[in-house]
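See structure below.
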Amino acid sequence: MKVGILGGTFDPIHNGHLYLAEEALHILALDKVVFMPSGNPPHKKGKSITDGSLRYEMVNAAIRDNEKFFVSSYEIDKNGFSYTYETLEYMKMSLNKDDEMYFITGADCLDQIYKWKNIDRIFNVCKFVVFYRPGFSVESLMEKKKKVEEQFKTEIIFLHLLELNISSTYIREKVRQGYNLSYIIPPSVNYIIKELNLYI
Ligand code: ATP
Ligand code: MG
């Protein structure tokens, strides 16, 4: 079995995230993709990040119709900051020996990768997949990719397909401005945002 893991704040989940997951399923021939919303850092509680249970609910609503998409509450249940290496080691334990894990990210993650803790342990348990994201120089991403690959004796899968310039930050701004976002987030997520008056 080949399992993709897509971690994020998902505040809120948007079509960019869903596109990444669907594209990864096909290109990497995955059996499923698990969305992993992050927990709320204790010091930020109630301030800059929407409560984990609501972010989880929005992810759940967004993926409901796709039988290959799943959501895990592992990081949210821990209720605090989680290191990616820890989460991936935990996920790896639930798989069989021959199963493969793919950690799916956007270009900003590769750009910032040296800030992550124990990246060597991430490369030990999964294949690292990076999707291009608008706003990043392909050249500098390629340089970083090469450097990381040489340093950690690993191979990063870089995918440059559709460039979707959508971010949760953009969504939150536009909700505040009263836009209808149903064309760039799933309508079910838009419904929850409206019902609960999120991001205003
Ligand atoms: P925010 O603006 O709040 O940071 P975001 O859109 O970056 O939100 P995250 O939850 O931070 O969303 O991202 C989760 C993962 O999805 C990250 O690996 C990020 O790089 C990736 N990602 C998000 N949007 C895109 C996109 N449009 N193209 C490629 N990767 C993306
Ligand atoms: Mg982000």
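In listed order, ligands and their atoms are each counted from 1. Worth knowing before you read on, the calculation uses all heavy atoms, side chains too, and leaves out hydrogens, waters and symmetry mates.
Looking only at atom types and distance, the side chain of Y85 has no donor-acceptor partner in the side chain of D120 under 3.5 Å away.
In terms of polar-atom proximity, defined here as any N/O pair under 3.5 Å, G8 makes no such contact with ligand 1. Considering backbone and side-chain N/O atoms, D11 never comes within less than 3.5 Å of an N/O atom of ligand 1. Of the N or O atoms in F10, one or more lie within a sub-3.5 Å distance of an N or O in ligand 1. The shortest N/O to N/O separation between N165 and ligand 1 does not fall below 3.5 Å. Checked by distance only, ligand 1 and G16 stay at 3.5 Å or farther apart across all their nitrogen or oxygen atoms. Ligand 1 has no nitrogen or oxygen under 3.5 angstrom from a nitrogen or oxygen of T105. Between L164 and ligand 1, at least one pair of N/O atoms sits closer than 3.5 Å.
We find that R55 and E75 are not joined by a salt bridge, their nearest charged nitrogen and carboxylate oxygen being 4.0 Å or further apart.
If you number the atoms of ligand 1 from 1 as listed, the ones under 4.0 Å from a heavy atom of D108 come out as 19 (C), 20 (O). Of all the atoms in ligand 1, the ones that sit under 4.0 Å from a non-hydrogen atom of T9 are 10 (O). Taking every non-hydrogen atom of R172 and a distance limit under 4.0 Å, the qualifying atoms of ligand 1 come out as 3 (O).
In the hydrophobic cluster analysis, where Ile, Leu, Val, Met, Phe, Trp and Tyr join through side-chain heavy atoms closer than 4.5 angstrom, Y199 is grouped together with I171. Under the 4.5 Å side-chain heavy-atom criterion for grouping Ile, Leu, Val, Met, Phe, Trp and Tyr, M91 is connected to M93 within one hydrophobic cluster.
Nearest heavy atoms, R172 versus D11: NH1-O, 2.8 Å. Minimum interatomic distance between I192 and A61 (heavy atoms only, all atoms of both residues): CD1-CB, 3.8 Å. Across S168 and P12, no two heavy atoms sit closer than the pair OG-O, 2.8 Å. Nearest heavy-atom pair across L6 and L20 is CD1-CD2, 4.2 Å.
Residues P186 and N15 are in side-chain contact: their nearest non-hydrogen atoms beyond the backbone lie under 4.5 Å apart.
Closest to atom 18 (O) of ligand 1 among all protein heavy atoms lies G106 N, 3.0 Å. Nearest protein heavy-atom neighbour of atom 15 (C) of ligand 1: G7 O, 3.5 Å. When hydrogens are left out, the protein atom nearest atom 9 (P) of ligand 1 is H17 NE2, 3.6 Å; that is the closest non-hydrogen contact. Protein heavy atom closest to atom 29 (C) of ligand 1, with residue, atom name and distance, is L20 CD1, 3.5 Å. Atom 1 (P) of ligand 1 has T169 OG1, 3.4 Å as its closest protein atom, hydrogens excluded (heavy atom only). When only non-hydrogen protein atoms are considered, atom 19 (C) of ligand 1 lies nearest to R133 NH1, 3.5 Å.
In this structure, K144 forms no cation-pi arrangement with F136, as its terminal cationic atom is not both closer than 6.0 Å to the ring centre and no more than 45° off the ring axis. A cation-pi geometry, defined here as NZ or CZ lying under 6.0 Å from the six-membered ring centre and within 45° of its normal, does not hold between K145 and F158.
Heavy-atom distances between Y132 and ligand 1 reach below 4.0 Å in at least one pair.
Contact annotation for C109 and ligand 1: only side-chain heavy atoms (C-beta onward) come within less than 4.0 Å of the ligand.
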